[in-house]
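Shown next, in C-alpha cells, is the structure this report addresses.
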Amino acid sequence: MDSEVTSDTTAQAYDVRSPTGETLLSRRRLTTTLGVGVYNLLDAPMGDPHAAELSFRARLRYDADYGVAGGEVDPGNANALTPGLSQGLVDLMYGYVEGRRFLHGWLGFKLGRQYVTDSLGWWSFDGGEVNLTTPVFVKAEAYGGLEQRGGLPLSSSRFESDGIWRGNRSSYDPTLYPQYQPATIAPAFGAAVESTGVNWLHGRLSYRRVYDTGGSNTSEFGNGLYTPVVYSGTRISSDRLGYALDLNIKDYGGLRGGVVYDFYDNEVSQLYGTLEGYLGKRVTVSADYDYYMPTFDADSIWNFFAGEPMNDLGLRTNWDVTDRISVAGGGHVRIYDVATSPINGAPYPNYSPTFDIFPGNGHPFDEGGNLSARYHSGATLVTLRGAGNFGDAGDRVGADVAAQHVFETRYVASVRTGLWQWQDNLRPDRDATSYNYVLGLGYRFAPRAQATFEWEHDMNRLVGQRLRLMLWLSVAVGK
C-alpha cells in the first residue's frame, strides 16, 4: 500500500475601502485544504499493468472569513443578514473509492463524491459510476446520484446550474428573503460513450439529467402580508447532451470541437472548435470559434427573459524562439446577437406599439488582442504580457511584467508590476488608469513545500491607495 497526504494553506488580511476612506469590507480569510490518497489496496503482482487496482482519494476544504460580522450570518438580524454568506464553510471537494481493470480489464468504478469533466462542463455529484472498457476501442460509462449543491452538508454551490440563489434556510422566517431558495437534494443520472486506446483520436458523447425537488418560492419578493407561494414536486433542473472530439496528427496539427444541446431550452447552447497547425517544431498557429448561449436552472426566473448568444472568433500563435525564450500573441472578435424580430415570427398578442420595438441589430462586436513573452533559464523566470479589449461600450488596455528567481535552490524572490487603463462609455466618470506592484519573498522547505509572503500595492483615482499582505504555506508530505 502507498499513501500520500497533502495540504495547502492561504491566509489573507485586507480591507476594501471606498474612495472617501471608509472601510466597506474587512476581510480576514483563511483557506486550507487537506488531501489524502491511498493506493494499491489490493495485493496485486508488482509491475503487472493488467492487474486490478483499488485506491481511495479525498480532499477537504475549509474556507473561512473571520472578518465577516456576526450579524451578516444571523437570520435573526434582517438588517445586516447576507443569505448564503458563511464565516467558515467546510466542503468535501472529493472523496471516493476507485477500482480499475476488474474482470480482466473490462470493469471500472467509482463510489463517493467525484468530478465529471466533459463537454457538459465541470460537474460534481455524490453517488456511483461504473464503466466498461472493451477491447474494440470503446468505453461505456453510466453514473447516478445527487448533484452537489450549496446549503447541503459539506457541499459547495460551484457545480449547480446558474440562475438560482439557493442555500440552507432552515432557521429563516418564511417571509424573510423568499427569493433565497431552500436547498434540497437533486437526483441526477448520466451516461457516456467514448473512444479509448487510440492516442491520436478521442471522442466522447455525454448525456446528463438533473432534477429539482422540494419547495421553490414562486414569489421573489415578500409583501409582508402573506406567506410566499411555494411550488413543490420533482421537476427537471437541467437536461443536456454533448459531444466533444479531439484529433491530433503528429507533426501536422490538431482539431478539437464540441457541441452541447439543451433539451429544456430546445436549442444548441454551446458550439466550439479549434484548428491548430504545427509549423515546424517551434511554431504553432490556431484558429478558434466559440458559440455560447446562456442557460439556467429550470426553476430560474431568468428563463422568462429572452437570451441571445455570443460568437467568439480568435487567432493565436506561439513561437518558441529558443529553448529559453518563447513569444505568443493573438487577436479576437466577439459578435453579439440581439432580438431584432418578433418572437416566433409574430407580434405580441393584443399589443400595438407606436414605435419600433425591433430596431436593426447591426451585430455589434468587440475586438482585442494580446502579446506575451517568456524567458526561463534555470532558477530565473521573466514574463511580459500586454492586452487590449475595445468596443462600443468601452476599452481596457494595459501591460504587466513579472520576474522570479530562486537563490541557492531555497530562497525565492519575485516582483510584478503593471499599468492598466479602462474607459466605460456608459459611466464616463469611472474612467481610470491603475498602477500596481507586488513584491514577494519565499522559502522552500522541500521540493513540494514552500512559504511565500507578498506585499501588493494598487492605486488609481477611484479607490486611492489599496494595500494587501498575503501569506501562503504549501506543504506536501508523501510516502
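Using a cut-off of 4.0 Å between Lys/Arg side-chain N and Asp/Glu carboxylate O, R430 and D424 are scored as not salt-bridged. With salt bridges taken as basic N to acidic carboxylate O contacts below 4.0 Å, one links R204 and E141. Using a 4.0 Å cut-off between a side-chain N of Lys or Arg and a carboxylate O of Asp or Glu, R396 and D366 do not qualify as a salt bridge. Ion pairing between a basic and an acidic side chain is recognised when a charged N comes within 4.0 Å of a carboxylate O; E53 and R101 show such pairing. A salt bridge links R149 with D297: the distance from a Lys NZ or Arg NE/NH1/NH2 to an Asp or Glu carboxylate oxygen falls below 4.0 Å. Between R209 and D239 there is a salt bridge, since at least one side-chain N of the basic residue sits less than 4.0 Å from a carboxylate O of the acidic one. Taking a cutoff of 4.0 Å between a charged side-chain nitrogen and a carboxylate oxygen, D63 and R29 qualify as a salt bridge. Under a 4.0 Å N-O distance rule, the pair R166/D212 qualifies as a salt bridge. E454 and R468 are not joined by a salt bridge, as no carboxylate oxygen comes within less than 4.0 angstrom of a charged side-chain nitrogen.
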Criterion side-chain hydrogen bond (donor to acceptor under 3.5 Å, both in side chains) on Y435 and T417, from CA distance to verdict: CA-CA 8 Å; Y435 169 74; T417 184; 3.1 Å; yes

Residues Y289, D312; criterion side-chain hydrogen bond (donor to acceptor under 3.5 Å, both in side chains); working and verdict: CA-CA 6 Å; Y289 171 71; D312 289 317; over 6 Å; no

Trace of the side-chain contact (heavy atoms from CB on, under 4.5 Å) decision for D91 with R158: CA-CA 11 Å; D91 70 292; R158 294 177 177 89; 4.1 Å; yes

Where do T322 and R324 land on the side-chain hydrogen bond (donor to acceptor under 3.5 Å, both in side chains) test, with the steps shown first? CA-CA 5 Å; T322 67; R324 298 181 177 181; over 6 Å; no

Determine whether E194 and H202 satisfy the following criterion, side-chain contact (heavy atoms from CB on, under 4.5 Å), listing intermediate values before the conclusion. CA-CA 7 Å; E194 64 179 309; H202 181 261; 2.6 Å; yes

Should Y261 and F263 be marked as a ring-ring contact (aromatic ring centres under 6.0 Å, His included) after you check the CA-CA gap, both sets of side-chain angles, and the distance that decides it? CA-CA 6 Å; Y261 187 83; F263 289 100; 5.2 Å; yes

Between E98 and F109, does a side-chain contact (heavy atoms from CB on, under 4.5 Å) hold up when you go through it step by step? CA-CA 6 Å; E98 181 178 17; F109 61 87; over 6 Å; no

Run the side-chain contact (heavy atoms from CB on, under 4.5 Å) check on R385 and L371 step by step: do they pass? CA-CA 6 Å; R385 178 185 63 140; L371 181 65; over 6 Å; no

If you apply the rule side-chain hydrogen bond (donor to acceptor under 3.5 Å, both in side chains), what do you find for D288 with H332, and how did you get there? CA-CA 9 Å; D288 307 306; H332 57 268; over 6 Å; no

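N248 and Y278 form a side-chain donor-acceptor contact under 3.5 Å, judged by distance and modelled atom types alone. No side-chain N or O of W122 forms a donor-acceptor pair with one of T117 less than 3.5 Å apart. Side-chain atoms of S237 and R235 include no donor-acceptor pair closer than 3.5 Å.
E160 places a side-chain N or O within donor-acceptor distance of the main-chain N or O of G150, the cut-off being under 3.5 Å. The closest donor-acceptor contact from the side chain of T9 to the backbone of L30 lies at 3.5 Å or more, if one exists at all. Without hydrogens or angle criteria, D265 side chain to D262 main chain gives no donor-acceptor distance under 3.5 Å. Side chain of S155 to backbone of P153: a donor-acceptor contact under 3.5 angstrom is found. A donor-acceptor pair under 3.5 Å is formed between the side chain of S7 and the backbone N or O of T33. A distance-only check finds no donor-acceptor pair linking the side chain of R374 to the backbone of V382 [under 3.5 Å]. Side-chain atoms of T184 come within 3.5 Å of backbone atoms of T213 as a donor-acceptor pair (strictly under, hydrogens ignored). Between the side chain of R410 and the backbone N or O of E408 there is no donor-acceptor pair closer than 3.5 Å. Put simply, the side chain of Q404 never gets that close to the backbone of A413: no donor and acceptor are under 3.5 Å apart.
The line from CD of E276 to CD1 of I249 is 12.0 Å long, rounded to the nearest 0.5 Å. Here CG of L471 is found 8.0 Å from CZ of F453. Values are rounded to the nearest 0.5 Å. In this structure, CH2 on W200 lies 14.5 Å from NZ on K250, to the nearest 0.5 angstrom. A distance of 11.5 Å separates CH2 in W123 from OG in S206, rounded to the nearest 0.5 Å. Here the CH2-CD1 distance, from W165 to I301, works out to 13.5 Å after rounding to the nearest 0.5 Å. To the nearest 0.5 angstrom, E147 atom CD is 10.0 Å from L152 atom CG.
Of all the heavy atoms in Y96 and R113, the pair that sits closest is CD2-O, 3.4 Å. Of all heavy-atom pairs spanning V260 and S119, the tightest one is CG2-O, 3.3 Å. The minimum heavy-atom distance linking F296 with S161 is given by the pair C-CB, 4.4 Å. The shortest non-hydrogen separation linking V283 to W319 is CG2-CD1, 3.5 Å.
By the 4.5 Å heavy-atom criterion applied to side chains, N40 and L42 are not counted as neighbours. Put simply, the side chain of D8 does not reach to within 4.5 Å of the side chain of T32, judged on heavy atoms. Within the 4.5 Å cutoff, no side-chain heavy atoms of V397 are placed close to those of N389. Within the 4.5 Å cutoff, side-chain heavy atoms of F125 are placed close to those of V116.
In this structure, F159 has its ring center closer than 6.0 angstrom to the ring center of Y115.
Between F445 and Y443, the two ring planes are perpendicular [angle over 60°; tilted spans 30° to 60°].
Heavy atoms of other residues, nucleotides or ligands lying less than 6.0 angstrom from CH2 of W420 number more than 12.
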